Amino acid sequence: MTSRNTQPDPAMEEKLVNDAFQNVLDAYLASNHRKKVDIIKRAFRFAKEAHKGVRRRSGEPYILHPLAVAQIVISELGLGSTSICSALLHDVIEDTEYTREDIEYHFGPKIASIVEGMTKISGGIFGDKASLQAENFRKLLLSMSTDVRVVLVKMADRLHNMRTLGSLRPEKQYKIAGETLYIYAPLAHRLGLSKIKTELEDLAFRHEHPQTYAEIMAKITDTESERQAIVEEFVAPVRKRLDDAGFKYEIKARVKSAYSIFNKMEKKKVPFEEIYDIYAVRVIFENEDDELEKLRCWQIYTYFTDGHLVHPDRLRDWTSTPKANGYRALHLTAMGPRGRWIEVQIRSQKMNEIAELGYAAHWKYKTGQTDSAELDKWMNTIKDILANPEPNAIDFLDTIKLNLFSSEIYVFTPKGDLVTLPAGSTVLDMAFSIHTDLGSHCIAGKMNHRLVPLSHQLDSGDQVEIITSASQTPQEEWIKFCHTAKAQNRIRARLRRNRRSLAERGRLLLEETLGREGIDASQQIIARMVSHYGLENPEDLYVRLAQEEISLSAKELKEINKTRSSLLSKILRNPFSSSSRTETAAVNTEPAQTIDRKKVFVLQPEAPNYRLDTCCSPLPGDDVVGFVDEDETVVVHKISCPAAMRLKSSFGTRLVATRWKGHADRFLADIEIDGIDRHGILGEITTLLSSDMGINIRQLNITAHDKLFHCELKVQIDTAETVENICQALRRIKGIKFAKRTT
């Protein structure tokens, strides 16, 4: 991201740099940290000299980036001099001739260690060399296990890069935004950095879906006055109760983030106007006695319940049992004016600071005595994963993600010990969380005096006894109903040991079979076979061949050898159907020339110059991104597609920015309709589509029950806009309550 140019106005840029540093210094002097100004000044001078003459892609002096990171570190994370110096120096080892030894000589081992930890994860999580960058990410986590400030400074670095993402080419924006959503936002969540997590998500969303982001933000702005009136009416009686009780407090009204609203719209397939739980109120009160903190939360809770109806299933008490990232608060959801559900979060000032800063808050206090038991517990889990790493780079990150971005449940052993697990965990997950041997020999669970299978999902409050057998060993199907990284990791490690001999036998058998047919046992043909049989990797293929679960006929081998495979199918281990949903999936697979990744690729529906994978079914007008496969064919995904998210973060060099041009009435879209059944409604639907709108209905299924009906339509259209117009027109028919695109 750097280039060397002549400075246009040295005096002006010198003033800009010095002013930026003074802002960092002013924020530090205003904090409650011990004032180690001298070492910060030395770090600034050192970094300034090291990056002299270097510029960012935007054209500004490079030193402004470390200064911006340092500003985030002090102003938004509240960290001290060690972290500020590390932020100022974080790119020195990577981008200049200085070494770790130079940093340690001038600034000591602690700062040198943090800077080196930052350097190890340069270039993104994967970059061009997936396995190497995954190893770098392992090193980041190892560095974090000794000093979490490594990843806190990295978060500040990522946040500034996202804030300045607009200066990069579109395909670079997609890569960095995808990487941010895939791993950095979940990591920020796991560290309790809620403000940074939310901003990272919104910035990534803004660059991936600029039009949708602008529309949602405009609607949030348009409804602001109405929202404020509703919230003020809702909290007015509570304010009086708080004032009468002598509380010193602050009430903040907030709205869901744009990314959160977008996710809910996508998940429920509804427009903005039908998202009803975007309101939230936060009550933050001053509290000088820690022993009274929880009692005061519940006291404020009663002020809301006395005057409002409360949703019975939306009470969340994290004051007694904090989240794994240290979050503590009391949540309820109450009915506000005009039938609006409003979430209420009740926190003390200390709770609020930990909620905003997470484990970064540990360095805000001079004593350093903030309880970090949950952090230590999580880091032990990470160390356990690192001790038995996945050989596949993407599998490794998927395993880590299981422990990054999930809600928690709380279950108990027969002796009453508390076990914290991700939501969705099973009996087997609990067994492995207690001890690897217990998990390996687990055959069932005993809960409430009844036996439950290994796959039984647990709920908070369950008390579970693990039943074992000495003859039990891990089975391959166990992985499917494990939800924790530790359980999956341990099962895979045990299975790998047992499978090696089978895999070797299967590999030799495959080579012998292919040799008889005159087919070279290349990586490409093996990848096609893996895709053809719907397997995850070549080892699965070898094992199934050895176990005689797959038999290869000469005819089938020749058919597989003719089939062109896409890079995406190989990367994602073919979780999607290979059949095309429309004729647009078929494309001339003999490219005229190599695709230029630096230019925007124009998608032409009239004469398709691309291929659609079937995982997300994009239509012209959808926000999409292209991936160039080994045949130099552009394969198109929706930007928000989970498969595309993994690809954006893992294979950025094959990314190409795209835009639609032209129309073609050749796409199929699925629409679901729900409403109140009445005589003639089916006729009105078909008349509207066929006669009034000229839409070709390719498939229609309708069922009615208890005066309600559900209809599934498949229509032939040209663009995503046409589908939205269809849904809007359908919703105007009397009795139809919902009409939404499902593909």
Side-chain angles (χ1 to χ4, degrees), residues 145 189-190 192 294 313 315-331 354 359 371-388 399-495:
S145 68
H189 167 81
R190 193 56 183 76
K294 190 191 303 185
D313 299 325
L315 174 64
R316 300 289 182 267
D317 178 15
W318 285 299
T319 62
S320 303
T321 310
K323 287 186 178 183
N325 60 14
Y327 180 85
R328 295 174 64 236
L330 185 61
H331 288 199
I354 292 174
Y359 294 119
D371 180 25
S372 60
E374 290 294 340
L375 175 62
D376 294 338
K377 191 186 300 181
W378 182 61
M379 285 315 309
N380 287 334
T381 302
I382 294 299
K383 289 176 184 176
D384 183 73
I385 296 169
L386 296 172
N388 297 274
T399 302
I400 290 293
K401 272 177 69 71
L402 285 176
N403 277 62
L404 289 182
F405 215 176
S406 59
S407 302
E408 294 88 23
I409 60 171
Y410 308 96
V411 295
F412 299 89
T413 67
K415 294 182 179 179
D417 295 329
L418 177 69
V419 179
T420 304
L421 295 168
S425 292
T426 62
V427 169
L428 193 57
D429 287 309
M430 180 177 178
F432 273 103
S433 73
I434 296 171
H435 198 279
T436 299
D437 286 342
L438 195 66
S440 297
H441 298 293
C442 177
I443 58 172
K446 187 176 180 182
M447 190 174 73
N448 302 328
H449 307 293
R450 65 186 179 91
L451 289 177
V452 292
L454 297 178
S455 57
H456 179 78
Q457 282 198 3
L458 303 175
D459 294 316
S460 280
D462 286 344
Q463 191 165 16
V464 185
E465 178 184 351
I466 304 300
I467 310 298
T468 61
S469 169
S471 61
Q472 177 73 298
T473 57
Q475 306 297 311
E476 191 165 347
E477 60 266 21
W478 284 13
I479 296 174
K480 296 177 183 177
F481 48 78
C482 281
H483 199 76
T484 60
K486 180 176 181 180
Q488 290 190 0
N489 211 44
R490 285 289 186 260
I491 293 166
R492 286 194 181 105
R494 185 66 63 91
L495 291 174

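Every value quoted in this text rests on a predicted model; they were computed, and no experiment measured them. One-based numbering along the sequence shown.
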Participant: Output, in order, the C-alpha distance, side-chain angles, deciding distance and verdict of side chain to side chain contact (heavy atoms under 4.5 Å, CB included) for Cys442 and Phe432.
Facilitator: CA-CA 9 Å; Cys442 177; Phe432 273 103; over 6 Å; no

Participant: Nearest 0.5 Å, what's the CG-SG distance between Leu428 and Cys482?
Facilitator: 4.0 Å

Participant: Once you round to the nearest 0.5 Å, how far does CG of Leu454 lie from CD1 of Ile443?
Facilitator: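 Between Leu454 CG and Ile443 CD1, I get 8.0 Å after rounding to 0.5 Å.
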
Participant: To the nearest 0.5 Å, how far apart are CG in Asp459 and CD in Gln457?
Facilitator: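 Taking CG in Asp459 and CD in Gln457, the distance rounds to 8.0 Å.
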
Participant: Between Pro453 and Val427, which heavy-atom pair has the shortest distance, and what is it?
Facilitator: O-CG2, 3.6 Å

Participant: What's the shortest heavy-atom distance between Leu315 and His331, and which atoms?
Facilitator: CD1-O, 3.3 Å

Participant: Measure the shortest side-chain to side-chain distance between Trp478 and Glu476 over non-hydrogen atoms and say whether it is less than 4.5 angstrom.
Facilitator: no

Participant: Indicate yes or no for a side-chain donor-acceptor contact from Asp429 to the backbone of Thr484 under 3.5 Å, with no hydrogens or angles considered.
Facilitator: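 A pair under 3.5 Å: yes.
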
Participant: Please lay out, stage by stage, how Ile354 and Arg328 fare under the test side chain to side chain contact (heavy atoms under 4.5 Å, CB included).
Facilitator: CA-CA 8 Å; Ile354 292 174; Arg328 295 174 64 236; 5.9 Å; no

Participant: Checking side-chain polar atoms at under 3.5 Å, does Thr436 have a donor or acceptor matched by the opposite partner on Arg490?
Facilitator: yes

Participant: Please lay out, stage by stage, how Arg494 and Thr473 fare under the test side chain to side chain contact (heavy atoms under 4.5 Å, CB included).
Facilitator: CA-CA 9 Å; Arg494 185 66 63 91; Thr473 57; 5.6 Å; no

Participant: So, taking the atom named OG1 in Thr468 and the one named CG in Asp437, what distance separates them when rounded to the nearest 0.5 Å?
Facilitator: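 Between atom OG1 of Thr468 and atom CG of Asp437 there are 10.0 Å.
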
Participant: Using modelled atom types and a 3.5 Å cut-off, is there a donor and acceptor pairing between side-chain atoms of Gln463 and backbone atoms of Phe412?
Facilitator: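 Not at all, since once roles are kept as given, no pair shorter than 3.5 Å links the two residues.
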
Participant: Yes or no on side chain to side chain contact (heavy atoms under 4.5 Å, CB included) for Leu458 and Thr426, after CA distance, side-chain angles and deciding distance?
Facilitator: CA-CA 6 Å; Leu458 303 175; Thr426 62; 5.8 Å; no

Participant: Tell me if a side-chain donor or acceptor on Asp317 pairs with a main-chain N or O of Thr319 at a distance below 3.5 Å.
Facilitator: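 Yes; at least one donor-acceptor contact below 3.5 Å.
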
Participant: Side chains of Val464 and Ile466: does their closest heavy-atom pair fall under 4.5 Å?
Facilitator: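 Contact flag for Val464/Ile466 side chains = yes.
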
Participant: Let me confirm one number: the NZ-CD distance from Lys480 to Gln475, rounded to the nearest 0.5 Å.
Facilitator: 12.0 Å

Participant: In the structure I gave you, are the side-chain heavy atoms of Arg492 and Gln488 within less than 4.5 Å of one another anywhere?
Facilitator: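 Contact flag for Arg492/Gln488 side chains = yes.
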
Participant: So, taking the atom named NE2 in His435 and the one named NE2 in His441, what distance separates them when rounded to the nearest 0.5 Å?
Facilitator: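 One finds 10.0 Å between NE2 of His435 and NE2 of His441.
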
Participant: Is there a side-chain contact between Met447 and His456 (heavy atoms, below 4.5 Å)?
Facilitator: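 Side chain of Met447 against side chain of His456, heavy atoms only: contact under 4.5 Å found.
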
